[in-house]
Each structure stands twice: as C-alpha cells, then as structure tokens.
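Notes for the one structure printed next.
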Amino acid sequence: DAGVIQSPRHEVTEMGQEVTLRCKPISGHNSLFWYRQTMMRGLELLIYFNNNVPIDDSGMPEDRFSAKMPNASFSTLKIQPSEPRDSAVYFCASSRDAGVGGGYTFGSGTRLTVV
Amino acid sequence: DAKTTQPPSMDCAEGRAANLPCNHSTISGNEYVYWYRQIHSQGPQYIIHGLKNNETNEMASLIITEDRKSSTLILPHATLRDTAVYYCIVRVAVSGTYKYIFGTGTRLKVLA
C-alpha cells in the first residue's frame with residue numbers, strides 16, 4: 001500500500017502564476033479531502049469529495065481556488081492566480097466510507113511558497 | 001468551527017504515561033471522537049476513535065466519560081518519538097458523508 005501520494009512535495013512559484021497540486025488516493029477509498037495548514041490558521045478543510053462528487057466546497061477561500069476529481073484515483077487542487085498569502089502546506093487525505101472505521105489517511109503534503 | 005477544546009501544550013517524561021484531555025461538551029449522541037497526531041510537518045496520522053465505550057489499540061487508549069462531554073487519550077509508555085501535536089476531533093455527519101474539523105491541538109513534548 002503506497003498510501004496517499006501527493007505531488008509535487010515542494011512548489012515555489014511567482015505571484016500571479018497558476019499552481020496545480022495533485023493527489024492520488026489509496027485504491028478503494030471513496031472519499032477524498034483537501035486541507036490547508038498554516039501557522040496562523042492551523043488545519044483548514046477546503047473541499048471534500050465522495051464517490052468523485054464534490055460534497056462541500058465552503059472551505060475554499062476564494063474563486064481563485066478550484067478542485068476536481070475526474071476519477072477515483074486522481075484529484076487536483078488548482079490556484080489561479082496564486083498570491084503570497086496562499087503559501088501553506090496543502091494536504092490530501094482519503095478514506096473508505098468516509099472514515100467510518102479507521103479514519104483518514106493523509107498524504108505527506110505539498111509545501112507551496114508563492115513569492 | 002471545531003467542537004473540541006484542548007490544552008495548547010503538555011510535557012511528559014519518557015517512559016511515563018501521557019494523558020491528553022479533550023473537552024467536547026456539545027457533542028451529539030451519534031458523533032464519534034477521533035484522535036490524530038502530527039509529527040513535525042508530516043501529514044496527520046490516525047490514532048484511535050470511539051463513540052461511548054473505552055477503546056484500546058496498539059498505539060493508545062481512549063477513555064470517554066459517561067456523559068461523553070470529555071475524553072482522554074492515553075499513551076501508556078511515552079517515547080521521544082511520541083513528541084507531536086495531538087488533535088481531538090468530533091466527526092460531523094454532512095450530506096451522506098463525514099468531515100473532520102481540526103482544532104488547535106495539544107503540543108506534547110516527551111522529555112528524556
């Protein structure tokens with residue numbers, strides 16, 4: 001089991017550029033969650049999917065953020081255009097049956113720096 | 001908003017039990033309590049969960065009060081590698097699935 005795989009691990013980009021973060025959930029997991037972590041705000045839930053369908057995106061900070069899950073094995077979080085305040089660690093997590101049993105499995109995160 | 005409150009930090013001597021408290025006074029009858037920990041900048045790691053009975057696994061024990069308004073995570077023999085931020089979370093049911101709202105957690109430091 002390779003776990004939840006996120007790419008890239010680190011991303012440095014200039015303000016105004018488009019950034020795409022990628023996530024491959026654990027095979028067989030049907031729920032996927034995107035979180036953002038900063039020192040000031042802690043871990044924030046951005047959006048989550050169940051069976052590839054977005055359930056709640058109320059945590060997405062602005063229209064500059066968008067997320068997709070075209071199939072059960074892949075999801076993207078896009079920021080366009082990026083701003084310095086978007087700098088954070090972005091985590092993806094997946095679970096089977098919304099974590100009824102053993103909870104979520106988190107990826108190692110993508111550290112985004114916008115300069 | 002998070003439905004839990006935890007002390008911001010705690011210290012524990014290596015080899016001793018670490019008892020991490022959590023208050024969740026507004027928890028509903030069918031909402032589970034979950035515990036995760038985050039070591040340095042890694043992704044949070046699942047530890048244990050429970051509804052109303054005490055639970056134990058290879059990592060920890062979870063004690064939930066009878067009124068379910070608080071719980072305690074117990075690491076029976078803390079090691080230096082248990083130094084981490086520990087999050088107590090109430091799982092919330094929404095739209096046919098569940099979500100976790102993380103609070104600020106307790107930063108546990110295990111001392112040699």
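So that the names make sense, note that chain A is the first sequence line, chain B the second, and so on, each numbered from 1.
Between A:Y35 and B:F102, a ring centre-to-centre spacing shorter than 6.0 Å is recorded.
The side-chain heavy atoms of B:Y34 and A:Y104, taken from C-beta on, include no pair separated by under 4.5 Å. For the pair A:L43/B:P44, a side-chain contact is recorded, criterion being any heavy-atom separation below 4.5 Å from C-beta on.
The line from OG of A:S95 to OH of B:Y100 is 6.5 Å long, rounded to the nearest 0.5 Å.
Using a 4.5 Å cut-off between heavy atoms, A:Q6 does not touch chain B at all. Contact annotation for A:R111: only side-chain heavy atoms (C-beta onward) come within less than 4.5 Å of a heavy atom of chain B. Looking at B:Q45, neither its backbone nor its side chain comes within 4.5 Å of chain A, counting heavy atoms on both sides.
Residues B:L75 and B:I48 share a single hydrophobic cluster, defined by chaining ILVMFWY side chains whose heavy atoms lie under 4.5 Å apart. Under the 4.5 Å side-chain contact rule for hydrophobic residues, B:M59 and B:Y46 do not share a cluster. A chain of hydrophobic side-chain contacts below 4.5 Å, direct or via other Ile, Leu, Val, Met, Phe, Trp or Tyr residues, connects B:Y36 to B:V92.
The heavy-atom pair separating A:F91 from B:Q42 by the smallest distance is CZ-O, 3.7 Å.
Crowding of B:R68 atom CZ: a count of heavy atoms from other residues, nucleotides or ligands under 6.0 Å exceeding 12. Taking a 6.0 Å sphere around CD of A:E62, one finds it holds more than 12 heavy atoms contributed by other residues, nucleotides or ligands. The number of heavy-atom neighbours closer than 6.0 Å to CG of B:D67, taken from other residues, nucleotides and ligands shown, is above 12.
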